[in-house]
Amino acid sequence: MRRSALHRMGLFTTALLLSAGAAEAHVGRGGASGFTAGFLHPITGLDHVVAMIAVGLWGAQLGKPAIWMLPITFPLVMAFGGILGLLGVPMPGVEIGIALSGVLLGAAVLTETRPPLFAAAILVGVFAIFHGYAHGAELPHGENALFFSLGFVIATGLLHAIGIVIGLLYQWPWGKITVRAAGGAVGAVGAFFLWNALA
């Protein structure tokens, strides 16, 4: 397990370094500005916010080891998606994928779906690519890609943490209702964005 964690950390570091190299032209405004822009990007988009909170909710609902594995999987894969966005690799259906993440992750929490851990991690990882791509593709002109990436990864981690804290209520009967209701709210928001994406 320790070796696996080190492997993930290595992949994450590599992804960040690659993202910096992919946008060497964007180095004009300094780290603080890039970090702030990246940090604000996920938390100013409701479609991102609800999906990332849902990852924490679902992880807490599933218990160990999902409670930490899902919130680690998401930003790691999201960094890869961010690189694709920075490089301008064509990816159709990004907004639909982001909206679907809210619908399906919210539904999973609402219905207390308990798939095998690897299946849950794959589902979360697939959706993370869409979110990361959107972040990377919207790097403000002149910002530092590395600090921008660090900003949106840290903000994502904090949103996961909020979901986990709410999800910990699941251990009490009234808390189960609260967590499932939160999942339903996430699904409803996701459905709203999906409707707009398809309209």
Side-chain angles (χ1 to χ4, degrees), residues 15 19 34-62 66 70-111 113 120-140 143 145 148-167 178-199:
S19 71
F35 179 85
T36 302
F39 187 86
L40 291 176
H41 197 267
I43 64 177
T44 54
L46 185 59
D47 49 350
H48 293 300
V49 170
V50 295
M52 293 169 186
I53 288 179
V55 171
L57 284 173
W58 200 25
Q61 192 179 50
L62 294 175
L70 297 188
I72 288 177
T73 299
F74 193 96
L76 284 176
V77 182
M78 186 181 68
F80 173 70
I83 294 172
L84 297 180
L86 287 168
L87 293 174
V89 177
M91 180 181 290
V94 172
E95 294 303 319
I96 294 174
I98 292 173
L100 274 176
S101 70
V103 173
L104 295 183
L105 291 174
V109 175
L110 175 64
T111 60
T113 302
I122 289 175
L123 181 65
V124 165
V126 168
F127 287 138
I129 292 177
F130 292 108
H131 286 269
Y133 186 92
H135 297 324
E138 296 177 16
L139 170 71
E143 297 294 1
F148 183 80
S149 301
L150 282 173
F152 72 67
V153 167
I154 290 175
T156 296
L158 292 175
L159 290 171
H160 290 335
I162 291 173
I164 290 172
V165 169
I166 298 173
T178 302
V179 171
R180 293 182 66 185
V186 168
V189 172
F192 171 76
F193 280 98
L194 181 60
W195 175 269
N196 285 333
L198 294 174

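- Atom CZ of residue Phe127 and atom OG1 of residue Thr73 lie 14.0 Å apart, to the nearest 0.5 angstrom.
- Between atom CG of residue Leu194 and atom CG of residue Leu198 there is a gap of 4.5 Å, rounded to the nearest 0.5 Å.
- In this structure, Val124 and Leu70 approach most closely via the heavy-atom pair CG1-O, 4.0 Å.
- Closest approach of Ala134 to Ile98, counting heavy atoms only: CB-CD1, 3.7 Å.
- Shortest non-hydrogen contact noted between Ala37 and Pro140 is CB-CG, 4.1 Å.
- We find the CG-CG distance between Leu123 and Leu100 to be 10.0 Å, quoted to the nearest 0.5 Å.
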Does the pair Leu105 and Trp58 meet the rule for a side-chain contact (heavy atoms from CB on, under 4.5 Å), with working shown?
CA-CA 7 Å; Leu105 291 174; Trp58 200 25; 3.8 Å; yes
Indicate every side-chain donor-acceptor pair of residues 43-50 with a distance under 3.5 Å to a residue at least two apart or in another chain.
from	atom 1	to	atom 2	distance (Å)
Thr44	OG1	Leu40	O	2.7
Thr44	OG1	His41	O	3.3
His48	ND1	His131	ND1	2.8

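- Nearest heavy atoms, Gly136 versus Leu86: O-CD2, 3.5 Å.
- Note: Leu84 CG to Phe130 CZ = 11.0 Å, rounded to the nearest 0.5 Å.
- To the nearest 0.5 Å, atoms CZ (Phe148) and CD (Glu143) are separated by 8.0 Å.
- Not one N or O on the side chain of Glu95 forms a donor-acceptor pair closer than 3.5 Å with the backbone of Ala197.
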Show me the donor-acceptor pairs within less than 3.5 Å that the side chains of residues 155-164 make with the rest of the protein, sequence neighbours left out.
from	atom 1	to	atom 2	distance (Å)
Thr156	OG1	Phe152	O	2.7
His160	ND1	Met52	O	2.8

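- Heavy atoms only, all atoms of each residue included: Gly190 and Val103 are closest at C-CG2, 3.3 Å.
- The shortest non-hydrogen separation linking Gly125 to Val77 is O-CG1, 3.1 Å.
- With rounding to the nearest 0.5 angstrom, the CG atom of Leu62 is 9.0 Å from the OG1 atom of Thr113.
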